[in-house]
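In what follows, a single structure is set out as structure tokens and then discussed.
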Amino acid sequence: MSADAPADAPHAAHGAPHTPVFVGQARAELDELGKRYPTKRALLLPALWMVQHARGWISEEAMAEVAEVLELTPAYVKGVVSFYTMYHQHPVGKHFIQVCTTSPCAVCGAEDVRDAFLRHTGCEALGVTSADGKYTVIEVECLGACGFATPVMINEDFLESVTPEKVPDILAGLK
Amino acid sequence: MGYPHKPHDREMPVLSKYFGDAGAISLDGWKQRGGYAALRKALGMAPTEITAIVKESGLRGRGGAGFPTGVKWSFMKLDDGKPHYLCCNADESEPGTFKDREIMRWTPHALIEGCAIGAYAIGAETCYVYIRGEFTEPIARMEAALREAYAAGILGPNAMGSGKTVNVYVHRGAGAYICGEETALMNSIEGRRGNPRIKPPFPAVAGVFGMPTTINNVETLAAVPHILNNGADWYRKIGRADNPKSTGTKLFSVCGNVQRPGNYEVPLGFPFKDFLYDLCGGPLPGRRFKAIIPGGISVPIQTVDEAEASFMDYEGFVEHGTMLGSGGVIVIDDHQNLVKQIARAARFFAHESCAQCTQCREGTGWTTRILERIVAGDGTSEDLDTLLEIADNMTGKTICVLSDSCAVPVVTGIGKFRGDFEALIKTKATVMVPAVV
């Protein structure tokens, strides 16, 4: 799926009525992707990415819509959504910040980078969105850029060689 | 080459020749650098001829297992009348490894060319490149390159005018280390949870969508065009003269406490001591190496003495207590609390366990809890025996090797650095680790 989708997709609120994602152009895009695979089920990960790009997270109602479109059950779709860490089952901050703290980065001071993000965003704890709804900070397992410790992902942007000193400027640069 | 550093004269840049060269990313740029000559040549050959050349070259899988690539391809029965699939494993998630990322960022067409040749050689019309979801930039580069390749008629129903169908598609993962395991990867493509499958049946018999499938790592496939262009002999002669089992060049990703982290491409069999001190610049000022993990976090930890005696190939690392793995070299120095890092590795595996096998689901969790308790200063004298017993229960008993991989740093850590564990248990104090910035 396309990685160049808008980084700041509007985040639907919890409990807001679900408006279908797979209508018009999105439906056409999904059908076009369907030509790549011999089964409908194989469209599940791409479809879930489309939902997350459009809504910011994947609600149970959205899972039900995906299930209907792909002829699966909502329970099956939820089973898949909950397996993969990148799919959000709840709304997250406008800027979703993932700091790699796995061993190769940990030996280079990644935990200090994590703490700097927590401190400067005002997030109370890892995974807890800031009161203004702007930030969520989490630890992520190995981002696959260990030679550029510490890598950080903010929404779909991938930053390399982040140090605690750079954190205020990075946050100031977010729109 | 030593990207992001300037190339070192002892490197042998083949796959990494254009790392950092923005001109190589586009189709035109890639063609100017000799791109797609190998695919054109391949499409004029019989698939079995290509497989024979790859077999003769000695190329082995670069993802970790080191299985001979040509032999793997030859398992695909070309006349079985079934659709075949090639899956390119670009899930690169093994801590310490970041080479495939650079291949896709700088030379996406090199990978597409390798995928197309591989697909044709195994009788597949479709190749899925499974890229981990976090690799947004490599995904964007690969998708842009694929659009160019389709528009130029390199891929599609009449690939390069050959009359043959070759399709290459990106399939984006969504955050799961286990999807780098080949059968989990296939499940993930099919739209399932990424649980590994019991083998047999092996993928060459029943793989993705139940059809014969070959799974190759990015670096493996990217090497194939060079082998077709330069010949099997050329490739086979790269490596230690006295070790014909490991041929060609290999990308090593280096991270942790060294002067110059980055990717380096050297002939297999390169002396590891020279690599660590000469190419990577040795330890940071005033520090000493303490432990080296040379092939991604799943391989046994080496002492510095073991590392310095190793040759960097499949056999050379085994001779000194570890494995080549994915070539992700993690360097840990004497300013680190090694037990804390092993605990962090265990937490990684606990987080990434797919949880379908009991030994792994429970073992990774308990290993993490005990290790973190030791690091917190609450360890007991029985803890090391308990850890080793758990590790024994986690080894060789599960569907895939994630469980074994979690046991490896524990067993080799306690085996080779027992004093570090005992010191923590005895002092019952939390050791503060100085930050490295």
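Quick note on labels: first sequence line is chain A, next is B, and so on, each numbered from 1.
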Exercise. Could you go through the side-chain hydrogen bond (donor to acceptor under 3.5 Å, both in side chains) check for B:Arg347 and A:Ser103 one step at a time?
Key: CA-CA 10 Å; B:Arg347 180 138 67 93; A:Ser103 315; over 6 Å; no
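- Looking at B:Val329, neither its backbone nor its side chain comes within 4.5 Å of chain A, counting heavy atoms on both sides.
- The part of B:Ile330 that comes within reach of chain A is its side chain, from C-beta onward, which places non-hydrogen atoms under 4.5 angstrom from that chain.
- Both the backbone and the side chain of A:Thr101 come within contact range of chain B, each with at least one heavy atom under 4.5 Å from a heavy atom of that chain.
- Under a cutoff of 6.0 Å and an axis angle of 45°, B:Arg132 and B:Phe135 form a cation-pi pair.
- Heavy-atom distances place no part of B:Asp100 under 4.5 Å from chain A, backbone and side chain included.
- For chain A, the option among B:Lys99, B:Glu134, B:Met211 with the highest count of heavy-atom pairs below 4.5 Å is B:Glu134.
- In this structure, the side chain of A:Asn155 engages the main chain of A:Lys94 through a donor-acceptor pair within 3.5 Å.
- For the pair B:Asp420/B:Lys290, a side-chain contact is recorded, criterion being any heavy-atom separation below 4.5 Å from C-beta on.
- Only the side chain of A:Glu111 comes within less than 4.5 Å of a heavy atom in chain B; its backbone stays farther off.
- Taken to the nearest 0.5 Å, the CE atom of A:Met50 stands 5.5 Å off from the CG atom of A:Leu30.
- Neither the backbone nor the side chain of A:Ala149 comes within contact range of chain B, judged by heavy atoms closer than 4.5 Å.
- Using a 4.5 Å cut-off between heavy atoms, B:Ile342 does not touch chain A at all.
- In this structure, B:Ser298 contributes its side chain and B:Ser405 its backbone to no donor-acceptor pair below 3.5 Å.
- With chain A as the partner, the residue from B:Ala174, B:Gly96, B:Gly173 showing the most heavy-atom pairs under 4.5 Å is B:Ala174.
- Counting heavy-atom pairs under 4.5 Å between each of B:His351, B:Arg260, B:Glu94 and chain A puts B:His351 at the top.
- Considering only heavy-atom pairs separated by less than 4.5 Å from chain A, the leading option among B:Gly194, B:Ala355, B:Cys255, B:Cys354 is B:Gly194.
- Heavy-atom distances place the side chain of B:Arg105, and not its backbone, under 4.5 Å from chain A.
- A distance of 9.0 Å separates NE2 in B:His171 from SG in B:Cys179, rounded to the nearest 0.5 Å.
- Interface residue B:Arg101: only side-chain heavy atoms are found under 4.5 Å from chain A.
- Interface remark: B:Phe348 contributes backbone and side-chain atoms alike to the contact with chain A (heavy atom separation under 4.5 Å).
- Between B:Phe275 and B:Tyr264, the ring-plane angle classifies as perpendicular under the 30° and 60° cut-offs.
- Ranking A:Leu72, A:Leu143, A:Leu48, A:Val80 against chain B, the residue ahead of the rest is A:Leu143, based on heavy-atom pairs under 4.5 Å.
- Checked against the 6.0 Å centroid criterion, the rings of B:Tyr169 and A:Tyr37 do not qualify as a close aromatic pair.
- Neither the backbone nor the side chain of B:Tyr177 comes within contact range of chain A; no heavy atom of the residue lies under 4.5 Å from a heavy atom of that chain.
- In this structure the side chain of B:Met186 never reaches within 4.5 angstrom of the side chain of B:Phe209, judged on heavy atoms.
- Between A:Tyr87 and A:Tyr84, the two ring planes are perpendicular [angle over 60°; tilted spans 30° to 60°].
- In this structure, the portion of B:Thr97 lying under 4.5 Å from any heavy atom of chain A is its backbone and not its side chain.
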